[in-house]
Amino acid sequence: MNTDSTAYAADIEAVKQVVATVEHSQQHRNPDEFLALFHPDAVWTTAHGKVLIGLEAISEFTRKVLPAASWDGRVSYEVVHVLFIRPDVAAVKAHQRYLSPDDESEGAPLYVMTKQDDGRWLLTACQNTQVVTG
């Protein structure tokens with residue numbers, strides 16, 4: 001993982017924990033755990049280009065698709081780069097892999113996270129991009 005500063009070690013661990021929770025919520029198809037990670041005014045663009053603005057829209061979409069996800073396997077997320085735009089704003093690039101017995105796909109999400117007054121990092125502006133090979 002690359003970062004712009006080692007001075008942010010605790011914050012790097014905190015944003016990595018957010019990404020780990022994204023992974024856990026996806027593996028367990030748990031919309032409540034996933035939605036708890038979002039800022040109320042968040043913007044989310046899905047891997048297929050659907051733009052969701054605000055927690056209500058993100059929640060409606062997530063509660064419909066996550067529990068009904070048809071993939072049979074596991075998903076993994078790895079933080080590959082953290083850039084602190086400001087001490088309370090981080091751009092986090094992740095590598096996402098969906099693994100099943102007969103298929104594998106990749107994603108390259110970008111999460112802009114904001115640090116709240118209570119110290120929590122929340123997903124605020126996110127783009128989940130599907131990686132197409134070939």
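Just so you know, these numbers come straight off a predicted model, no measurement behind them.
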**Study point:** Exceeds 12 heavy-atom contacts within 6.0 angstrom, atom CG of Asp117
**Key:**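 Open.
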Review point. Are Val92 and Val43 connected in a single hydrophobic cluster, I mean Ile/Leu/Val/Met/Phe/Trp/Tyr linked by side-chain heavy atoms less than 4.5 Å apart?
Key: no
Review point. In terms of hydrophobic clusters joined by side-chain contacts under 4.5 Å, are Val65 and Val75 together?
Key: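 In one cluster with Val65: Val75, yes.
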Exercise for review: Give the C-alpha distance, both sets of side-chain angles, the deciding distance and a yes or no for side-chain contact (heavy atoms from CB on, under 4.5 Å) between Trp121 and Gln17.
Suggested key: CA-CA 9 Å; Trp121 285 90; Gln17 184 56 50; over 6 Å; no
Practice item. Report the residues that fulfil side-chain hydrogen bond (donor to acceptor under 3.5 Å, both in side chains) with Arg63, sequence neighbours left out, ordered by chain and then residue number. Key: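 Arg63 satisfies side-chain hydrogen bond (donor to acceptor under 3.5 Å, both in side chains) with Asp32, Ser59 only.
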Practice item. Identify, with sequence neighbours excluded, every residue that meets side-chain hydrogen bond (donor to acceptor under 3.5 Å, both in side chains) alongside Ser76. Key: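 For Ser76, no residue satisfies side-chain hydrogen bond (donor to acceptor under 3.5 Å, both in side chains) once neighbours in sequence are set aside.
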Point to revise | Modelled atom types, side-chain donor and acceptor of His24 and Glu33, under 3.5 Å | key: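 Yes - a donor-acceptor pair under 3.5 Å links their side chains.
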Point to revise | Residues that Tyr77 engages under ring pair (Phe, Tyr, Trp, His ring centres under 6.0 Å), provided they are two or more places apart | key: none
Point to revise | Point-to-point distance, once rounded to the nearest 0.5 Å, from OG1 of Thr62 to CG of Leu35 | key: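 Nearest 0.5 Å value for the OG1-CG distance: 4.5 Å.
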Review point. Taking atom CG of Leu110 and atom CD of Gln127, what is their separation to the nearest 0.5 Å?
Key: 8.0 Å
**Study point:** Side-chain donor or acceptor of Thr124 paired with backbone N/O of Leu122 under 3.5 Å
**Key:**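 Answer holds: yes.
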Exercise for review: Begin with the C-alpha distance, continue with both residues' side-chain angles, and end with the deciding distance and a verdict on side-chain contact (heavy atoms from CB on, under 4.5 Å) for Val15 and Tyr8.
Suggested key: CA-CA 10 Å; Val15 298; Tyr8 292 102; over 6 Å; no
Mind checking whether [X] and [Y] have side chains closer than 4.5 Å, heavy atoms only?
X: Cys126; Y: Pro109; answer: no
X: Gln116; Y: His39; answer: yes
X: Tyr111; Y: Val19; answer: yes
X: Val22; Y: Gln96; answer: no

Review point. Are the aromatic ring centres of Trp44 and Phe34 under 6.0 angstrom apart?
Key: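 They qualify: ring centres under 6.0 Å apart.
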Exercise for review: Just do the side-chain contact (heavy atoms from CB on, under 4.5 Å) check on Val82 and Met113 with the steps written out, would you?
Suggested key: CA-CA 10 Å; Val82 177; Met113 297 185 198; over 6 Å; no
Exercise for review: Apply side-chain contact (heavy atoms from CB on, under 4.5 Å) to Leu52 and Thr46, showing your working.
Suggested key: CA-CA 8 Å; Leu52 307 166; Thr46 71; 4.2 Å; yes
**Study point:** Given Arg74, Glu78, Glu106, the one that forms side chain to side chain contact (heavy atoms under 4.5 Å, CB included) with Arg97
**Key:** Glu106
